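Predicted model, so just to flag it, every value in this text is computed and none were measured. Throughout, residue positions are numbered sequentially from 1 according to the sequence presented.
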Amino acid sequence: MLVVSEEVREALAERRPVVALESTIIAHGLPRPRNLQVALELEDAVRQEGAVPATIAVLDGRPHIGLDKDRLERVANEEGIRKLGHRDLPLAVAAGASGATTVSATALLASLAGVRVFATGGLGGVHRQWTVTQDESADLGLLARTRITVVCAGVKSILDVPATLQRLETLGVAVAGYGTDRFPGFYLSDSGHPVDWTLRTPEEVAEVMRAQNTLRAPESALIVANPVPPQEQLDPGLHARVLADALRACEAEGVTGQAVTPFLLDFLVRHTDGASLRANLAAVRGNVRLAGRIAAAWARM
């Protein structure tokens with residue numbers, strides 16, 4: 001059922017490095033035509049590190065692992081492209097629907113295709129007021145049972161970061177900071193919370209990936225938390241102030257459920273004059289480049 005592009009299929013067969021990329025940033029994360037420009041830029045960044053990009057999406061009910069330019073343009077420009085988590089995949093396939101894949105859907109499809117390294121911006125996690133709403137991203141449960149290495153800038157700072165780290169520990173998902181002993185905060189280099197393990201080179205990450213295989217451990221992910229450079233992060237004071245305003249606005253307007261995350265992220269973009277979006281893109285670019293280097297180290301191993 002998977003449609004694997006010829007370029008990705010050949011790279012996997014020849015054991016060359018491949019990096020999976022999600023498509024929600026293209027369809028739902030950026031305005032047109034900037035979204036297509038960024039999609040092409042991220043694929044080019046993967047290639048500059050010697051790896052093959054595999055942007056993932058579902059088109060007309062077929063999961064695609066690797067998109068050519070025409071399909072990238074379709075995801076970027078077509079009206080009605082859905083947002084698909086892993087639970088939505090059977091429904092989208094059966095209905096012949098088209099959709100951009102979130103972290104959970106991308107990780108699952110990449111793993112099924114044999115792609116071991118995945119780059120994204122920030123993970124979903126445990127939402128604030130979880131004890132009341134029971135709102136937790138599907139990303140966490142999926143990563144607890146999927147063998148993939150996810151390079152990210154931590155979890156979105158609108159979430160409950162310590163609760164998310166605790167949940168990842170409970171689920172048995174390994175988390176390591178890349179070149180840091182602090183867990184990054186998506187827009188921020190430091191969320192204010194530590195990590196237990198630090199990895200400093202792509203080769204060290206690849207060694208952990210090999211150890212996962214050798215130990216025949218449960219099929220869980222490895223999260224490589226790569227902080228946005230301090231000079232490119234969102235100003236921490238501005239972040240704290242605008243996020244507090246966003247949370248109050250969310251409560252005042254009665255926004256709940258799946259609508260909370262896009263509401264808060266949009267609020268941050270508008271009330272930081274786009275600075276949060278620039279920090280987001282800086283984080284994604286750094287994660288994609290690092291994922292390319294990790295995939296190359298894994299291929300050599």
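- Judged purely by distance below 3.5 Å, without hydrogens or angles, the side chains of S98 and R74 pair a donor atom with an acceptor atom.
- A continuous path of hydrophobic side-chain contacts links L2 to L89 [ILVMFWY only; heavy atoms under 4.5 Å].
- Closest approach of T24 to T101, counting heavy atoms only: CG2-O, 3.1 Å.
- No continuous path of ILVMFWY side-chain contacts below 4.5 Å connects L21 to F118, so the two sit in separate hydrophobic clusters.
- The stretch residues 104-126 participates, sequence neighbours left out, in no salt bridge (Lys or Arg N to Asp or Glu O under 4.0 Å) pair at all.
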From CA spacing to verdict: side chain to side chain contact (heavy atoms under 4.5 Å, CB included), R16, E10:
CA-CA 8 Å; R16 291 189 283 117; E10 289 179 355; 4.2 Å; yes

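- Although no hydrogens or angles enter the test, the distance criterion places a donor-acceptor pair under 3.5 Å between the side chain of S191 and the main chain of F183.
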Please walk me through it: do D88 and R82 pass side chain to side chain contact (heavy atoms under 4.5 Å, CB included)?
CA-CA 10 Å; D88 303 306; R82 301 182 67 116; over 6 Å; no

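- Residues A153 and A283 come closest through the heavy atom pair CB-CB, 3.8 Å.
- Remark: T102 pairs with S104 by the side-chain hydrogen bond (donor to acceptor under 3.5 Å, both in side chains) rule, at least two apart or across chains.
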With side chain to side chain contact (heavy atoms under 4.5 Å, CB included) as the criterion, how do R300 and E203 come out once you've worked through the C-alpha distance, each side chain's angles and the decisive distance to 0.1 Å?
CA-CA 9 Å; R300 290 193 297 272; E203 289 72 23; 2.8 Å; yes

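- Proximity of a side-chain donor or acceptor of S189 to a complementary backbone N or O of V228 within less than 3.5 Å is detected.
- Annotation: side chain of L265 is in contact with side chain of Y187 (closest heavy-atom distance under 4.5 Å).
- Counting only distance, with no hydrogens or angles, the side chain of R147 and the backbone of A217 share a donor-acceptor pair below 3.5 Å.
- Remark: D235 CG to L188 CG distance equals 9.0 Å, nearest 0.5 Å.
- Considering only heavy atoms from C-beta on, D160 comes within 4.5 Å of P162 through its side chain.
- The number of heavy-atom neighbours closer than 6.0 Å to CD of E14, taken from other residues, nucleotides and ligands shown, is above 12.
- For the atom pair CG (D181) and OG1 (T198), the distance works out to 5.0 Å, reported to the nearest 0.5 Å.
- Here the closest heavy-atom approach between residue V58 and residue A92 is recorded as CG1-CB, 4.4 Å.
- Salt bridge annotation for R210-E207: present, with a cationic side-chain nitrogen under 4.0 angstrom from a carboxylate oxygen.
- Connection of V161 to V103 is established within a shared hydrophobic cluster, with ILVMFWY side chains joined at heavy-atom distances below 4.5 Å, either directly or through further cluster members.
- Between D44 and R47, none of the side-chain N atoms (NZ, or NE/NH1/NH2) sits under 4.0 Å from a carboxylate O, so this pair counts as no salt bridge.
- Considering only heavy atoms from C-beta on, L40 comes within 4.5 Å of L72 through its side chain.
- Two residues are said to be in side-chain contact when any heavy atoms from C-beta on lie closer than 4.5 Å; V3 and L59 fail this criterion.
- Contact between A57 and L67 at its shortest, heavy atoms only, is CB-CD1, 4.1 Å.
- Between atom OH of residue Y178 and atom OG1 of residue T201 there is a gap of 5.5 Å, rounded to the nearest 0.5 Å.
- With contacts defined as side-chain heavy-atom distances shorter than 4.5 Å, the pair F186/I158 does not qualify.
- How far CG of L112 is from CD1 of I65: 8.0 Å, rounded to the nearest 0.5 Å.
- The residues D139 and K156 are annotated as not salt-bridged, no charged nitrogen and carboxylate oxygen being separated by less than 4.0 angstrom.
- Rounding to the nearest 0.5 Å places CG of N35 at 6.5 Å from CG of N77.
- Within the structure, salt bridge (Lys or Arg N to Asp or Glu O under 4.0 Å) contacts touching residues 287-299 (residues at least two apart or in different chains) are E49-R293.
- Atom NE2 in H86 sits 7.0 Å away from atom CG in L108 (nearest 0.5 Å).
- Enclosure of atom CD in E251 is not indicated, since only 12 or fewer non-hydrogen atoms of other residues, nucleotides or ligands lie within 6.0 angstrom.
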Go through V288 and R285 one step at a time and tell me if the side chain to side chain contact (heavy atoms under 4.5 Å, CB included) criterion holds.
CA-CA 5 Å; V288 165; R285 291 186 189 100; 5.9 Å; no

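- Looking only at distances, a side-chain donor or acceptor of T164 sits under 3.5 Å from a matching main-chain atom of V126.
- Residues L264 and C250 meet the side-chain proximity criterion, which asks for heavy atoms closer than 4.5 Å.
- One hydrophobic cluster, built from ILVMFWY side chains closer than 4.5 Å, holds both L171 and V150.
- Q233 places none of its side-chain heavy atoms less than 4.5 Å from the side chain of H239.
- In terms of heavy atoms, A107 sits closest to L143 at CB-CD2, 4.2 Å.
- Cluster membership for V18 and M209, using ILVMFWY side-chain heavy atoms within less than 4.5 angstrom, is not shared.
- With salt bridges taken as basic N to acidic carboxylate O contacts below 4.0 Å, one links E79 and R32.
- Of all the heavy atoms in V19 and A51, the pair that sits closest is CG2-CB, 4.1 Å.
- You'll find the side chain of I223 reaches within 4.5 Å of the side chain of C152, heavy atoms only.
- Side-chain atoms of S5 come within 3.5 Å of backbone atoms of V8 as a donor-acceptor pair (strictly under, hydrogens ignored).
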